[in-house]
Chemist: 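Here it is, the structure, as structure tokens.
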Amino acid sequence: GRSQGRFRQAAPALAQWALARPGVYALPASLPLLRLGETIYRAPTPPAEMSAFTAGVLGVTSRLVDAESEIRRRNAERLLRRVEQRAAIAVIQGAPGGVPGYLRLPLRGPGTRDPVLEMQGRRLGVMPGYPRPLARLAGFAERVGNAGGRFPGAELLASRLVTVPAHGKLRRRDLRRLEAWLEIATKQ
């Protein structure tokens, strides 16, 4: 009953916490059933009422958000220093004057897909941003006003966007590995 409901609410958060650790990136990346790297559209639904358990978790974790955001910014800035001067990779900037939170660090690469380099990146948590343009996404395409038209900018972005982890679970060793991967990727 009630404890099962709490477990159903807590289980995804616990799984995300455990699988987000850099040392185990390769495990979820190797499981096709997780569909990592896929963009899956689900029709909007009204928000559900927040349970007491969820409200409690939100109350505790909201105090940690600012510290985590600062760690993400520092990690992203460190990784950005590796790619700033490279013509092969462009940093995707947010709104002018905004302070990025870097849930993930978005980069636009040269568009060449080296399967070995891509798998090495996945093991480090580097993921393709959009495998295909949103206007071509099943379930979403019918909501696009010009669904039959071409979207060259979206197609270009989908072919080149990758996102790099910047979260607080990254250790120095993980950051060095990501920097090394970016060094190789920017030479492609």
Side-chain angles (χ1 to χ4, degrees), residues 16-17 19-22 24-26 28-30 34-42 64-141 143-144 150-188:
Q16 182 177 358
W17 174 84
L19 294 174
R21 306 194 81 65
V24 295
Y25 278 154
S30 69
L34 292 180
R35 301 171 70 183
L36 296 180
E38 289 185 38
T39 303
I40 301 166
Y41 175 75
R42 292 183 175 85
L64 304 173
V65 169
D66 289 338
E68 173 66 16
S69 293
E70 186 55 38
I71 291 168
R72 287 175 184 269
R73 276 190 283 280
R74 277 197 317 265
N75 287 342
E77 288 166 7
R78 176 178 171 166
L79 294 169
L80 286 171
R81 285 192 293 273
R82 183 62 70 173
V83 299
E84 281 179 326
Q85 305 303 317
R86 306 277 183 179
I89 289 219
V91 176
I92 298 175
Q93 299 293 339
V99 178
Y102 291 116
L103 187 57
R104 294 190 56 84
L105 173 61
L107 300 172
R108 183 177 46 100
T112 58
R113 297 279 188 191
D114 176 340
V116 173
L117 188 62
E118 193 172 318
M119 182 47 83
Q120 290 170 343
R122 280 181 178 260
R123 287 184 178 137
L124 296 170
V126 178
M127 301 297 287
Y130 295 104
R132 63 184 164 273
L134 294 179
R136 307 261 185 270
L137 187 62
F140 188 74
R143 294 177 178 270
V144 176
R150 287 194 25 89
F151 299 92
E155 290 167 13
L156 178 66
L157 185 60
S159 71
R160 297 184 179 185
L161 181 68
V162 296
T163 61
V164 179
H167 56 73
K169 291 183 179 85
L170 295 172
R171 296 183 180 106
R172 285 188 183 117
R173 180 186 73 208
D174 302 316
L175 287 165
R176 284 193 302 269
R177 286 176 164 166
L178 284 166
E179 287 173 322
W181 185 88
L182 287 168
E183 187 75 27
I184 294 166
T186 57
K187 291 179 181 177
Q188 296 287 311

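The figures here come from the full heavy-atom set of this structure, side chains too, leaving out hydrogens, waters and symmetry mates. Quick caveat: nothing in here was measured; it's all calculated off a predicted structure.
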Chemist: Hey, could you give me the CD1/CG distance between Ile184 and Leu117, rounded to the nearest 0.5 Å?
Modeler: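 Atom-to-atom, Ile184:CD1 and Leu117:CG are 6.5 Å apart.
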
Chemist: Could you walk me through whether Leu103 and Arg72 pass the side chain to side chain contact (heavy atoms under 4.5 Å, CB included) check?
Modeler: CA-CA 7 Å; Leu103 187 57; Arg72 287 175 184 269; 3.8 Å; yes

Chemist: Test of understanding: with side-chain contact (heavy atoms from CB on, under 4.5 Å), list the residues that count as partners of Ala154, not counting sequence neighbours.
Modeler: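 Residues passing side-chain contact (heavy atoms from CB on, under 4.5 Å) with Ala154: Pro133, Phe151.
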
Chemist: Compare every heavy atom of Leu161 with every heavy atom of Pro106, then report the nearest pair and how far apart it is.
Modeler: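 In this case the closest contact between Pro106 and Leu161 is CB-CD1, 4.1 Å.
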
Chemist: Please name all residues satisfying salt bridge (charged side-chain N to carboxylate O under 4.0 Å, His left out) with Arg104, sequence neighbours left out, ordered by chain then number.
Modeler: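 Testing Arg104 for salt bridge (charged side-chain N to carboxylate O under 4.0 Å, His left out), a comparison that skips the adjacent residues, returns none.
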
Chemist: Among all residues two or more places apart in sequence or in another chain, which pass the side-chain contact (heavy atoms from CB on, under 4.5 Å) test with Glu179?
Modeler: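 Residues passing side-chain contact (heavy atoms from CB on, under 4.5 Å) with Glu179: Arg78, Leu79, Arg82, Arg176.
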
Chemist: Can you measure from CG (Leu175) to CZ (Arg177) and round to the nearest 0.5 angstrom?
Modeler: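 Taking CG in Leu175 and CZ in Arg177, the distance rounds to 11.5 Å.
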
Chemist: Going by salt bridge (charged side-chain N to carboxylate O under 4.0 Å, His left out), name the residues that satisfy it together with Arg150, two or more places apart in sequence or in a different chain.
Modeler: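 Expected list: Glu155.
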
Chemist: Apply the test side chain to side chain contact (heavy atoms under 4.5 Å, CB included) to residues Leu182 and Leu107: give CA-CA distance (whole Å), side-chain angles for both, the deciding distance (0.1 Å), then the verdict.
Modeler: CA-CA 10 Å; Leu182 287 168; Leu107 300 172; 3.8 Å; yes

Chemist: As an exercise, state the distance from CG of Leu178 to CD of Glu183, rounded to the nearest 0.5 Å.
Modeler: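 Here the rounded value is 13.0 Å.
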
Chemist: For the pair Arg108 (side chain) and Leu157 (backbone), establish whether a donor and an acceptor sit closer than 3.5 Å, ignoring hydrogens and angles.
Modeler: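 Here the side-chain-to-backbone pair does not exist.
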
Chemist: Verify, without hydrogens or angle tests, whether Trp181 (side chain) and Glu118 (backbone) share a donor-acceptor contact under 3.5 angstrom.
Modeler: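 No, because the side chain of Trp181 does not come within donor-acceptor range (under 3.5 Å) of the backbone of Glu118.
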
Chemist: What residues, two or more places apart in sequence or in another chain, satisfy side-chain contact (heavy atoms from CB on, under 4.5 Å) together with Leu156?
Modeler: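 Counting only residues at least two positions away or on another chain, Leu156 forms a side-chain contact (heavy atoms from CB on, under 4.5 Å) with Ser159, Arg160.
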
Chemist: Mind running salt bridge (Lys or Arg N to Asp or Glu O under 4.0 Å) on Arg73 and Glu77 for me, showing each step along the way?
Modeler: CA-CA 6 Å; Arg73 276 190 283 280; Glu77 288 166 7; 6.0 Å; no

Chemist: Please name the pair of heavy atoms, one in Val144 and one in Ala135, separated by the smallest distance, quoted to 0.1 Å.
Modeler: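 What the structure gives for the nearest pair is CG2-CA, 3.9 Å.
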
Chemist: Which residues satisfy the side-chain contact (heavy atoms from CB on, under 4.5 Å) test with Arg74, sequence neighbours excluded?
Modeler: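 Per chain and number, Arg74 pairs via side-chain contact (heavy atoms from CB on, under 4.5 Å) with Glu70, Ile71.
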
